[in-house]
Number of protein chains: 2
Amino acid sequence: MVTIMNKVQANAKPAGLRMTRQRRLILEELDAPGRHPTADAVYQQVRRRIPNISLGTVYRNLEVLSQAGMIRKLHIGSGQKRYDRKLHKHYHVHCVQCGRISDLPGGPFGDLEEVARGNSDFDIIGYELEFEGLCRQCKDSSPRQREPN
Amino acid sequence: MVTIMNKVQANAKPAGLRMTRQRRLILEELDAPGRHPTADAVYQQVRRRIPNISLGTVYRNLEVLSQAGMIRKLHIGSGQKRYDRKLHKHYHVHCVQCGRISDLPGGPFGDLEEVARGNSDFDIIGYELEFEGLCRQCKDSSPRQREPN
DNA sequence: TTCATAATAGTAACCATTACTGTCTTGGCG
DNA sequence: CGCCAAGACAGTAATGGTTACTATTATGAA
Ligand SMILES: [Mn+2]
Ligand SMILES: [Mn+2]
Ligand SMILES: [Zn+2]
Ligand SMILES: [Zn+2]
């Protein structure tokens, strides 16, 4: 009866994934478009509805959901991992001032992989590309501190 | 927080840094071309000559040397940071099997930044690009475990 | 409704890195 | 050369992010 469960099974990855309240809220938190929250940010949000949810539960679910291909785990910069519900290939811009991460509109660039293939004896299977810069806010306001996503 | 960076730029030369035995060996460890060791790998190597060197000393020096612009700190993938003596802009290939990191021969690609600038309201100042794949060894041998750099 | 087992809360452990502290070195100056 | 301020050190504790463990609870297929 519940659509999300159907979605899970429609997405066809894992038998044996149960849809718990915790998991549903974590997923909903990522459903808002354009967000790339850290595990802790998800935790803080979900905590408002399930005050005693465990941080471990958040981590476990983020892992299990990305294993199942329902979300993507991002390793951007040197800090915490980020999670992204947008599954198709796209690039990110990372504000070096406040840590904000935004999608870069516009599809993937020309074939970087091809160039790499010609120059390496590695069997190239992909690449990671992310841009760095200053977001609009940080560009034209006095330096603030970290207020990610 | 006035330190080495300033001194170095003032003196136009990495003097102002004292040259200790520890620092020299750490630097020598990175001088071997094509290496991208982790802090721990450097530690293990230098330890053979200075058995009681502190891991903290290795970290402190790697930090101070990259602040001074004598080495570069790399954040590749989700694991430990890597250090690179090669200062000019170049790309890396990362073996997803064994973790090895190699330089990609051939200079920087065309203007990725320009494309990003057109698509974002961020003030783009640079980008990080790294390729993933299987190194020669992992490509044609049975799966091994992590034996980085 | 039952029941095997997936998932949870709570907590401990882990790993990479950084911070602290008292002692030892280094190197510029005489 | 030796002096000595402060840079660097070893040893160790602390931190931050993440994962592992465990006894208990909740899910959902039959
Ligand atoms: Mn995204
Ligand atoms: Mn390199
Ligand atoms: Zn910003
Ligand atoms: Zn390999």
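Nothing here was measured: the structure is a model prediction, and the numbers come from that model. Values below: all heavy atoms of this structure, side chains included; hydrogens, waters and symmetry mates excluded. Here is how names work: the chains are called A, B, and so on, in the same order as the sequence lines, proteins then strands, and each is numbered from 1.
- Axis orientation changes by 30° from one end of the helix from C/dT1-D/dA30 to C/dG30-D/dC1 to the other, with each end axis drawn from 5 pairs and the value rounded to 10°.
- Taking all atoms of both residues into account, the shortest heavy-atom contact from A/Gly133 to B/Phe122 is C-CD2, 4.3 Å.
- Between B/Asn52 and B/Arg23, the residue anchored nearer the 5' end of DNA chain D, judged by the nucleotide with its closest heavy atom, is B/Arg23.
- The interatomic distance linking B/Asn61 (CG) with C/dT18 (P) rounds to 13 Å, in whole Å.
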Checklist entry - What does nucleotides 20-30 of chain C look like as a protein-contact string, B for base, S for sugar-phosphate only, - for none, at under 4.0 angstrom between heavy atoms? => result -----BBS---
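- The side-chain tip of B/Lys73 does not point at the ring of B/Tyr59 from less than 6.0 angstrom away and within 45° of straight on.
- For B/Ile50, whose side chain is taken as the heavy atoms from C-beta onward, the closest listed nucleotide among D/dA10, D/dT18, C/dT17 is D/dA10.
- Taking atom CZ on A/Arg47 and atom P on C/dA9, their separation rounds to 12 Å, with Å as the unit.
- When only modelled atom types and interatomic distance are considered, A/Thr57 and A/Arg60 share a side-chain donor-acceptor pair under 3.5 Å.
- Projected onto DNA chain C by closest heavy-atom contact, B/Gly56 and A/Val64 fall at different nucleotides, the more 5' of which corresponds to A/Val64.
- Straight-line distance from the CD atom of B/Gln67 to the P atom of D/dA8: 13 Å, rounded to whole Å.
- Nearest heavy atoms, A/Cys95 versus A/Cys135: SG-N, 3.4 Å.
- Residue contacts for A/Asp40: at a heavy-atom cut-off of 4.0 Å it reaches no nucleic acid atom on any strand shown.
- In plain terms, the two heavy atoms of A/Thr38 and A/Tyr83 that are nearest each other are C-CD1, 4.5 Å.
- In this structure, CZ of B/Arg24 is placed 14 Å from C1' of D/dA8, rounded to the nearest angstrom.
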Checklist entry - Could you go step by step and tell me if B/Glu130 and B/Val93 meet the side-chain contact (heavy atoms from CB on, under 4.5 Å) rule? => result CA-CA 6 Å; B/Glu130 91 226 9; B/Val93 209; over 6 Å; no
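- For the pair A/Ile53 CD1 and C/dA9 P, the interatomic distance rounds to 5 Å; values are reported in whole Å.
- Rounded to an integer number of Å, the gap from B/Gln44 CD to C/dA16 P is 11 Å.
- Geometrically, A/Lys86 does not engage A/Tyr91 in a cation-pi contact defined by less than 6.0 Å to the ring centre and at most 45° from the axis.
- One interatomic measurement links the two molecules: OH of A/Tyr59 to P of C/dG10, which rounds to 17 Å at whole-angstrom precision.
- The only option from B/His94, B/Glu132, B/Glu128 that meets the side chain to side chain contact (heavy atoms under 4.5 Å, CB included) definition with A/Glu128 turns out to be B/Glu132.
- For the residue pair B/Ser54 and B/Tyr43, the shortest heavy atom distance occurs at C-CE1, 4.0 Å.
- One atom, OH of A/Tyr43, and another, P of D/dT19, lie 16 Å apart when rounded to the nearest Å.
- Residue-level contact check: A/Leu55 touches the bases, meaning some heavy atom is under 4.0 Å from a base atom.
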